[in-house]
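First up is the structure itself, then whatever we jot down about it.
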Amino acid sequence: MSRVGDGGSEAADRWAMGVALELARSCDYATSPNPMVGAVVVRDGEILGRGRTAPAGGPHAEVTALREAGDAARGATLVVSLEPCCHQGRTPPCTEAVVAAGISRCVAAMLDPNPRVSGGGLVSLRRAGIEVAVGVEAEAARLLNEQYLRWVTAGLPFVTAKFASSLDGRIATAAGESRWITGDAARHLGHLLRHRHDAVLVGVGTVLADDPELSTRLAGSVARQPLRVVVDSRLSLPPVARVIGADGRCVIATTSEAPAPARRVLEAAGARVITFAPDADGRVPLREVLRLLAEEERISVLVEGGARVHGSVFDQELADRVVAFIAPRVLGGELAPSAVAGRGVATLAAAAPLAGVTVERAGDDIVVSGYCVRRQGGAPPAQGGV
Ligand code: AOF
Ligand code: ZN
């Protein structure tokens, strides 16, 4: 298998991959649980066909690009932001379409770590006599599909822990007032984050305090509405809570210690109640909740707090990324809750700094984001930003 630079000119490959990545980006999270992929058919610097992944069940990027190129694809180069698949999923293998179209060279940004593909796509193209290169703009491709990559390799969703705090790390006053610590621009980014995740997860305390809808509200664009997950070990959520909604897309994760009548009331109100054996602290075992969501093809979860849920997420090293919205104001107060409770780290050395940290402004607020470095394993090396 050839690397970057073999075959076509490196600059031409990078240019075409830039176009493919733009197409991939334009999927705007609509493809979940499939990765967002872009593909172009090129010859002599001319683009003959373009494609991007359709929502799950629809054609993959390569198939659309090849279709658009038609007969002109014969002898041309296919540049694609992920290795073409070689398996029958909801759709047939892309490799067959690539071979049938008469493509003579294929450039992929990265391999597809899906165990059903995992290099096999490029091997079958090569066996069919197609020249293959991999690694062009690999980092950008990886960053774009960080959610899919975590899900397909770990069997867990990509978890973003998000909170909005004051400069001194408080998420509410001592009296519990929290609306709003940050301004409009930061809250708009919060909705953008919801749009970019398959599920939003909160603790029941947050629901009892704020009665949030947990919907995505983005003016002037089609917003994705994530599944709403409430962690509630004793089922203290009232059936009138707005989070339950009328769309049947609210899940309440509870324990076998919760009273059965409360469960019936919540189910009658339209929620799906899922029971887990309590963990050693009598709480809902978050890792198992995440595993179940992953099995149901939710590739990403935005955890919005409160402090106890964030505490469990960090204590159990479940977060992949942190996005902190920080308002330049000081609340103070010993009893004012901070963003993350739980046990916390035993030593400073155990709290590794985030990797790939970005700092942005949102109105008067500051947005700090970065990737969690797990104590037993590497972090995805990437540069994000909201
Ligand atoms: C590609 N091109 O555009 C995408 C790929 O169920 P299916 O048939 O849609 O297959 C889903 C799998 O295909 C997905 O898990 C991933 O391995 C790959 N995604 N592959 O060749 C694409 N989106
Ligand atoms: Zn495919």
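One-based numbering, in listed order, for ligands and for the atoms of each. Keep in mind that what you see is a predicted model, and the values were worked out from it rather than measured.
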Do T358 and S369 have a side chain donor and acceptor closer than 3.5 Å?
yes
Please find the pair of heavy atoms, one from F158 and one from Q147, that lie closest to each other, and give the distance.
CB-CA, 3.5 Å
Ligand 1 contact by A56, heavy-atom criterion under 4.0 angstrom:
no
G58 N/O to ligand 1 N/O under 3.5 Å:
no
Counting from 1, what ligand 1 atoms have a heavy atom of C94 closer than 4.0 Å?
21 (O)
Y148 contact mode with ligand 1 (heavy-atom cut-off under 4.0 Å)
side chain
Among all the protein's non-hydrogen atoms, which is closest to atom 18 (C) of ligand 1, and how far away is it?
D112 OD2, 3.5 Å
Show me which atoms of ligand 1 lie under 4.0 Å from any heavy atom of V37.
3 (O), 4 (C), 22 (C), 23 (N)
Side chain, backbone, both or neither: which applies to T91 and ligand 1 if a contact is any heavy-atom pair less than 4.0 Å apart?
both
Angle at the Zn ion (ligand 2) (to 10°), with one arm to SG of C94 and the other to SG of C85:
120°
Nearest non-hydrogen protein atom to atom 15 (O) of ligand 1, with distance, is N114 ND2, 3.2 Å
Give the residue and atom name of whichever protein heavy atom lies nearest to atom 9 (O) of ligand 1, and the separation in Å to one decimal.
H60 NE2, 2.7 Å
With a 3.5 Å distance limit and no angle check, can you tell me whether S124 reaches the backbone of G121 through a side-chain donor-acceptor pair?
yes
Any donor-acceptor N/O pair, D211 side chain to R242 backbone, under 3.5 Å
yes
Best match, E62, H87, R90: closest heavy atom to atom 1 (C) of ligand 1:
E62
Look at atom 11 (C) of ligand 1 and say which protein heavy atom is nearest, naming residue and atom and giving the distance to 0.1 Å.
N34 OD1, 3.2 Å
Side chains of S300 and R196, heavy atoms from C-beta outward: is any pair under 4.5 Å?
no
Just checking, is any N or O donor in the side chain of T53 or N34 under 3.5 Å from an acceptor N or O on the other one?
no
Can you tell me which N/O/S atom of H60 has the shortest distance to the Zn ion (ligand 2)?
ND1
Would you say S26 and R52 are linked by a side-chain donor-acceptor pair, where the criterion is simply a distance under 3.5 Å?
yes
